[in-house]
There are 2 protein chains.
Amino acid sequence: MSSIGSIASSSAPARLTVVASHLSTARRKVVVSRDLGPDAMQLLRDNANLEVVLWPEDRVCDRSWLLENVPGSTGLIVLFTEKASPSGPGLKVVSTMSVGYEHVNLPALHKRGLRLGFTPDVLTDAVADVSVMLALMASRNAAYGVTLVHQGQWPPFAPFTLCGPQISTMQDSPTRTVGFLGFGRIAQATLARLVAFGITHCVYTSNPGSPPKLALESSLLERHPTLREVRRVDLDTVARESDVLFVLAPGGESTKHIVNEGFLRKMKKSSVLVNTARGTLVDSDALAKALREEWIWGAGLDVLEGEPCIDVNHPLLTEPRCAIVPHIGSATFDTRVGMAVLAARNLLGALNGTQMPAELDLASRLR
Amino acid sequence: MSSIGSIASSSAPARLTVVASHLSTARRKVVVSRDLGPDAMQLLRDNANLEVVLWPEDRVCDRSWLLENVPGSTGLIVLFTEKASPSGPGLKVVSTMSVGYEHVNLPALHKRGLRLGFTPDVLTDAVADVSVMLALMASRNAAYGVTLVHQGQWPPFAPFTLCGPQISTMQDSPTRTVGFLGFGRIAQATLARLVAFGITHCVYTSNPGSPPKLALESSLLERHPTLREVRRVDLDTVARESDVLFVLAPGGESTKHIVNEGFLRKMKKSSVLVNTARGTLVDSDALAKALREEWIWGAGLDVLEGEPCIDVNHPLLTEPRCAIVPHIGSATFDTRVGMAVLAARNLLGALNGTQMPAELDLASRLR
């Protein structure tokens with residue numbers, strides 16, 4: 001990314017004038033709720049017409065600090081840890097470094113004519129990787145195995161000690177069904193990985209109002225010749241038929257506790273549930289009961305309702321077949337740099353009147 | 001599997017005579033060092049001409065019990081937890097429920113004209129699954145993440161907290177090299193899975209005396225169009241070039257500590273090491289040093305030298321980027337039943353003069 005300096009020394013006079021005019025006016029304040037790393041912060045600071053006001057600490061930004069600093073700013077970059085409703089008359093854009101936006105008050109933004117940037121796609125592969133990891137960890141007793149080793153209790157080999165169901169197919173067991181609640185890009189990337197494990201059938205649910213995805217289904221079957229079926233179904237069917245079920249729907253009120261006691265009771269005893277979306281989608285108490293009473297085999301969770309305030313007495317922490325990692329779905333260096341840079345570019349696009357690389361269409365979203 | 005009884009009632013008189021002749025002779029003793037589960041045990045007990053002597057406890061068989069019971073037996077089924085050298089003049093076959101046979105005294109067996117059965121192939125998919133799981137766990141700080149959650153220390157979200165290298169490729173980072181020490185069926189099955197994560201290059205070592213595997217390399221490139229290269233290399237090259245390195249060579253003296261300090265020092269700082277073969281291949285002290293001093297990023301281990309006697313003070317247990325599970329590579333119900341049944345069939349094949357489904361060719365192995 002070129003700095004203003006390098007543009008000034010290499011561009012035509014017309015551009016120079018523009019830069020000078022920017023420099024001569026008051027700098028526009030942008031508020032950033034967390035250090036986004038050198039790549040993204042440099043991108044912002046390279047814009048000499050911006051005054052970057054950054055939360056100075058290495059912890060979640062205080063709401064009071066945001067409320068104090070946002071007034072008078074033209075742009076705001078937040079993480080999903082901040083409720084992004086603070087505003088001011090000059091604010092033009094909110095840019096969240098996240099794929100989800102349930103922490104953002106969409107109607108309020110839309111009403112005030114603000115634009116919203118988010119960071120989809122760039123984290124697809126990282127989250128799909130963790131989705132597969134958690135499916136394997138849940139089925140293969142991995143979290144419990146790690147604990148046993150750390151307690152000095154490595155169990156001696158025995159024919160069926162620590163056995164679990166097998167996710168991959170094999171000669172004597174040649175079919176497997178994977179299910180998805182929500183069938184966006186992360187779900188499709190997860191499916192693509194699992195096809196290489198021999199998964200033969202895929203069922204999914206998606207927004208009931210959305211049109212059939214026949215072209216998508218055909219293209220998936222064509223791309224993956226060993227996949228025999230991709231079928232949109234209702235909630236009951238996805239619960240009943242899945243050997244591995246991935247929760248990959250958006251968060252928010254409309255999907256809250258979509259995986260509840262009734263849903264879990266319909267699942268196969270040998271199945272595993274994976275949630276790499278938002279904690280609110282799964283009723284933790286119901287899931288703990290399902291594991292305790294063996295309605296399902298296991299669970300792999302990257303998210304938990306109420307995170308990060310999860311007490312050591314949380315009912316899921318005592319379930320040996322529940323593998324829980326602390327929301328690391330997108331936590332790779334490549335992906336997080338990509339998300340931070342995209343968040344910065346979204347903000348700059350809106351402020352400079354160029355394109356925002358990833359803008360949420362608020363009008364159609366709220367329709 | 002039909003029982004002798006059902007054969008007797010449905011077969012021609014000639015078969016009946018054979019059965020009767022078996023029944024009239026003394027039953028042949030076979031010794032089984034551990035309960036192999038209902039499928040395999042039934043298979044053995046359905047042979048009325050066999051007297052099955054089974055270690056009665058749910059723990060590793062005492063060597064003294066084996067030494068006492070093997071004399072006078074014609075067949076022996078063991079796990080890899082038993083040193084299978086006890087013998088007697090009538091012994092015809094040793095059948096191990098394992099893919100490895102470093103616990104078996106091959107020269108002694110060969111000298112006495114005994115046959116050896118083992119259980120390859122049937123566990124390929126289960127071990128490939130765990131290999132991928134451990135690669136993901138090691139790169140994504142999963143074991144440490146599980147521990148944090150269980151300690152009530154779920155870290156609040158921050159842009160780079162708990163980040164690791166990304167195994168899958170993405171637009172801004174479009175190549176990855178996977179390496180294999182040993183390139184048998186498990187390695188190839190692991191590669192097939194990783195291609196779906198976007199892995200573009202594969203390097204491997206194999207037995208220096210073995211001929212080039214050009215046909216195999218071509219067929220892998222043909223089967224996986226996004227894979228750009230499959231190349232047999234020396235140890236130095238596999239250490240230097242791998243982003244993820246899988247140890248999948250046989251155990252035994254010739255491969256002991258093949259991953260040592262010198263090897264680890266050549267690896268990339270961002271790389272992860274996965275061992276799903278035998279603990280002896282990796283020098284644990286050298287690996288602990290490599291992790292502590294950040295020569296490599298992380299490690300995922302299904303096996304550890306000295307297992308199952310792993311003390312809580314083992315140097316690898318204090319490394320947060322070391323994910324260790326207690327030898328669960330083949331631990332799925334489907335696979336372990338398959339291994340147990342194959343071990344039983346190997347024994348029956350040798351004793352009944354029919355084919356052993358998986359016999360190790362001792363003569364060529366010892367050549």
Side-chain angles (χ1 to χ4, degrees), chain A residues 34 36-37 59-60 79-81 97 125-126 129-130 132-133 136-137 140-143 145-146 148-152 154-160 162-168 170 172-173 192-193 195-197 307-308 310-312 317 323-328 331-336 338 340, chain B residues 34 36-37 59-60 79-81 97 125-126 129-130 132-133 136-137 140-143 145-146 148-152 154-160 162-168 170 172-173 192-193 195-197 307-308 310-312 317 323-328 331-336 338 340:
Chain A
R34 190 77 180 251
L36 302 177
R59 61 180 180 89
V60 175
L79 311 183
F80 85 94
T81 38
M97 180 188 156
D125 289 300
D129 289 356
V130 163
V132 173
M133 179 188 87
L136 290 163
M137 287 179 71
R140 301 298 294 274
N141 301 296
V146 164
L148 285 178
V149 171
H150 277 262
Q151 293 173 342
W154 187 305
F157 181 88
F160 300 100
L162 284 179
C163 274
Q166 184 162 325
I167 283 185
S168 61
M170 51 189 293
D172 289 344
S173 173
R193 285 157 173 73
V195 167
F197 290 72
E307 69 178 68
I310 302 300
D311 190 82
V312 289
L317 294 190
I324 312 177
V325 290
H327 207 148
I328 58 170
T332 70
F333 296 110
D334 283 342
T335 289
R336 287 283 173 84
Chain B
R34 190 75 179 249
L36 302 176
R59 61 180 181 90
V60 175
L79 311 183
F80 85 95
T81 39
M97 181 187 153
D125 289 299
D129 289 355
V130 162
V132 173
M133 179 189 87
L136 290 163
M137 287 179 71
R140 302 299 293 275
N141 301 296
V146 164
L148 286 177
V149 171
H150 277 263
Q151 292 173 341
W154 187 305
F157 181 88
F160 300 100
L162 283 180
C163 274
Q166 184 162 324
I167 283 186
S168 61
M170 50 188 294
D172 291 343
S173 174
R193 284 157 174 74
V195 167
F197 290 72
E307 70 178 66
I310 303 300
D311 189 82
V312 289
L317 293 191
I324 312 177
V325 290
H327 207 148
I328 59 170
T332 70
F333 296 110
D334 283 343
T335 289
R336 288 283 174 83

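Letters go in sequence order (proteins before strands), and every chain restarts at 1. What you are looking at is a predicted structure, and each value in this text was computed from that prediction instead of being measured.
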Practice prompt. Please state whether the side chain, the backbone, both or neither of A:Ala323 comes within less than 4.5 Å of a heavy atom of chain B.
Written response: neither
Discussion item. Looking at every heavy atom in both B:Ala126 and A:Ser168, which two are closest together, and how far apart are they?
Written reply: N-OG, 4.5 Å
Fill in: Among the listed options B:Met133, B:Arg140, B:Met170, B:Met97, the residue most often paired with chain A at heavy-atom distances under 4.5 Å
B:Arg140
Worksheet item: Is chain B contacted by the side chain of A:Leu79, its backbone, both, or neither, given a heavy-atom distance below 4.5 Å?
Response: side chain
Response to the item:
Heaviest contributor of heavy-atom pairs below 4.5 Å to chain A, chosen from B:Pro155, B:Pro326, B:Ala340, is B:Pro326
Response to the item:
Pair count under 4.5 Å, heavy atoms only, with chain A: among B:Asp129, B:Ile310, B:Val60, B:Val312, highest is B:Asp129
Fill in: Residue, of B:Thr81, B:Asp172, B:Asp125, that accumulates the most heavy atom pairs under 4.5 Å with chain A
B:Asp125
Fill in: Over all atoms of both residues, closest heavy-atom pair of A:Leu317 and A:Asp311
CD1-O, 3.3 Å
Response to the item:
Interface check, chain B: of A:Leu36, A:Leu148, A:Ile324, most non-hydrogen pairs under 4.5 Å belong to A:Ile324
Worksheet item: Are the side chains of B:Met137 and A:Val146 in touch, meaning some heavy atoms are under 4.5 Å apart?
Response: yes
Worksheet item: What is the ring orientation for A:Phe80 with A:His327, classed by angle as parallel under 30°, tilted 30 to 60°, or perpendicular over 60°?
Response: tilted
Discussion item. Quick check on A:Val149 against chain B: is it the side chain, the backbone, both or neither that has a heavy atom closer than 4.5 Å?
Written reply: both
Item to complete: List the atom of A:Arg336, the atom of B:Pro159, and the distance in Å for their closest heavy-atom pair.
Response: NH1-O, 3.0 Å
Fill in: Contact class of A:Arg34 relative to chain B, heavy atoms under 4.5 angstrom
side chain
Worksheet item: Which residue out of B:Gly145, B:Gly152, B:Ala196, B:Gly164 racks up the most heavy-atom pairs below 4.5 Å with chain A?
Response: B:Gly164
Practice prompt. Identify which of B:Ser173, B:Ala158, B:Ala192, B:Ala143 forms the greatest number of heavy-atom pairs closer than 4.5 Å to chain A.
Written response: B:Ala158
